[in-house]
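Written below as structure tokens is the structure these notes are about.
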Amino acid sequence: MPRRYWLLKTEPETFGWDDLIRSKDRTSMWDGVRNYRARNYMRDEMKIGDGVLFYHSNCKPPHVAGIARVVREGYPDPTQFDPASPYHDPESRPEKPRWYLVDVEAVRKLERPLSLAELKETEGLESMKLVKRGMRLSVQPVTGEEWKIVVALAKKPAP
DNA sequence: GCCAACGTTGGC
DNA sequence: GCCAACGTTGGC
């Protein structure tokens, strides 16, 4: 089974790379995702050991900050059952949960942040979902080739 | 099941 | 702050 790769978007104001590093075991639940396609990826397709590009959105500039990995596979997002949580979903029942998540663990920070603008200009990433306009999905598959290019790009000096 | 209205995302 | 893209809602 070949390892797969993903990109997870997060707003650094809400939960950023430094928050993941400060988490116990540098690991966190990826909670609060309320989109069915993203849910399906986490519930059905993300496997232990899969690589994750940790992407900061809604900041200046938006960028990939680090590399993480999946350490626990799809299970129900507990925040959906918590009335005090902003992610509470009153229509979801514990016997038939609507929302799933995975746990991710920080692997390492990139040598330098890779801005969206730079990724857009990088050869080989033209069809990466992230660089497509209007791509809002917060959990995206990344191809092995794209992963290699991104990891190698971070080792090069900033343009 | 269609689709218009509306809300959210998120880069710019 | 703007606005394009896109998901969701709800009337029919």
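Reminder, nothing fancy here: chain letters follow the sequence lines and each chain counts from 1. Computed over heavy atoms, backbone and side chain alike; hydrogens, waters and symmetry mates excluded. Keep in mind the model is a prediction, meaning the values are calculated, not measured.
For B:dG11, the OP1/OP2 oxygens have a side-chain nitrogen or oxygen of A:Tyr55 closer than 4.0 Å.
Between A:Glu118 and A:Lys156, no side-chain nitrogen of the basic residue sits less than 4.0 Å from a carboxylate oxygen of the acidic one, so the salt-bridge criterion is not met. Note on A:Arg69 versus A:Glu105: salt bridge recorded, some NZ/NE/NH1/NH2 to OD/OE distance being below 4.0 Å.
Put simply, CG on A:Asn35 is 11 Å from C1' on C:dT8, counting in whole angstrom units. The OH-C1' distance, from A:Tyr36 to C:dT9, rounds to 12 Å in whole Å. If you measure from atom CG of A:Leu137 to atom C1' of C:dA4, you get 17 Å, rounded to the nearest angstrom. Rounding to whole angstrom units, OH of residue A:Tyr87 and P of B:dT8 are separated by 14 Å. Going from atom CZ of A:Arg34 over to atom P of B:dT9 covers 12 Å, rounded to whole Å. We find that CD of A:Gln140 is positioned 10 Å from P of B:dG11, with the value rounded to whole Å. For the pair A:Lys60 NZ and C:dG1 C1', the computed distance is 10 Å after rounding to whole Å. Rounded to whole angstrom, the span from the CD atom of A:Glu11 across to the C1' atom of B:dG11 amounts to 12 Å.
Nucleic acid contact class of A:Arg37 (heavy atoms, under 4.0 Å, all strands): sugar-phosphate only. A:Lys132 comes within 4.0 angstrom of nothing in the nucleic acid, heavy atoms only.
For A:Arg136, taking side-chain heavy atoms from C-beta onward, the closest of the listed nucleotides B:dT8, B:dG11, B:dG10 is B:dT8.
Using modelled atom types, no side-chain atom of A:Gln80 and backbone atom of A:Asp89 make a donor-acceptor pair closer than 3.5 Å.
Inter-residue side-chain proximity for A:Met29 and A:Pro78 is flagged as met; some heavy-atom pair is nearer than 4.5 Å.
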